[in-house]
Amino acid sequence: ITTRLVGSEMCIRDRCMKVNKFSRMYLVGMICILLSGFFPYFRYRFTIQDVETLKQGYPLLNLKKLATQYSGMGEINFFTRVVPYFILLAGIAGIVLILIYFAGDHDTWNIFNLNMFIPVVASGVGLFIIRHHQTIRAIREILNDTTESMHESGYTGSAGYVAGFYLLAAGVMISLVSAVCFFALDK
């Protein structure tokens, strides 16, 4: 028996290596989605002549804190409070799915590999809702108004989306691309 691989065995080996690469990418994307809830989603930071610094960050899981600070905005509604947890649960589901794949029998995975799209799509829908919901738009407008008024008062700095938002968006994109590639290669 020779130690060389025939062409079909090389193709199988290469395909398995690519599938494992995309499954690890999927896991990274889901971890980004999960972590996004704990990093500030909105933040403001203003400084006046290096003397006084005002800064505050608001994780996606605690938008109510921002609403109470800006009482004119009104109450964060139930829907907006639930969506961040929905996104995090989708991230956990994606991590569990890929860990089952890593630990399980890859031959039986053919039945379940479409399930990888469920957490990605759920997270993407959640991101779209959070980004376009009227409450979030109101928060964004308040942060823009705060930035203008702080600049008029002599402060430098900015307010807007930060790490939590970008982690969530990156996690959705990474997971979606890797799920599509994984599904295409695992056929």
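Worth saying up front: this structure is predicted, and the values here are computed from it rather than measured. Sequence positions, counted from 1, serve as the residue numbers for this chain.
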For Gly37 against Pro59, the heavy-atom pair lying closest together: O-CB, 3.7 Å
If you count the non-hydrogen atoms of other residues, nucleotides and ligands that lie under 6.0 Å from OH in Tyr155, is the total more than 12? yes
same_hphob_cluster(Val177, Ile33) at 4.5 Å side-chain heavy-atom cutoff: no
Nearest atoms (heavy-atom pairs only) where Ala163 meets Phe39: CB-CB, 4.2 Å
Please check if atom CE in Met25 has more than 12 non-hydrogen atoms from other residues, nucleotides or ligands closer than 6.0 Å. yes
How long is the straight-line distance from NE2 of His151 back to OG of Ser158, given to the nearest 0.5 Å? 7.0 Å
What about Leu127 and Val162, same hydrophobic cluster or not, with Ile/Leu/Val/Met/Phe/Trp/Tyr joined at side-chain heavy-atom distances under 4.5 Å? no
Could you grab the distance from atom OG of Ser178 to atom CE of Met173, nearest 0.5 Å is fine? 10.5 Å
Nearest-0.5 Å distance that lies between atom CG in Asn144 and atom OG in Ser149: 11.0 Å
Is Tyr26 close to Val120 at the side-chain level, that is, under 4.5 Å between some pair of heavy atoms? yes
When rounded to the nearest 0.5 Å, the distance separating OG1 of Thr147 from CZ of Arg45 is 14.0 Å
hydrophobic_cluster_shared for Ile87 and Phe128, side chain cutoff 4.5 Å: no
In the single-linkage hydrophobic clustering (I, L, V, M, F, W, Y; side-chain heavy atoms under 4.5 Å), do Phe165 and Phe86 co-cluster? no
Please enumerate all residues that pass side chain to side chain contact (heavy atoms under 4.5 Å, CB included) together with Leu34, with sequence neighbours excluded. Leu88, Ile92, Ile95
Is Ile31 reachable from Leu99 through a run of hydrophobic residues whose side-chain heavy atoms are each under 4.5 Å from the next? yes
Over all atoms of both residues, closest heavy-atom pair of Gly171 and Cys32: CA-CB, 3.7 Å
Distance-minimising heavy-atom pair for Met30 and Gly94: SD-CA, 3.6 Å
What's the shortest heavy-atom distance between Ser123 and Gly91, and which atoms? OG-N, 4.3 Å
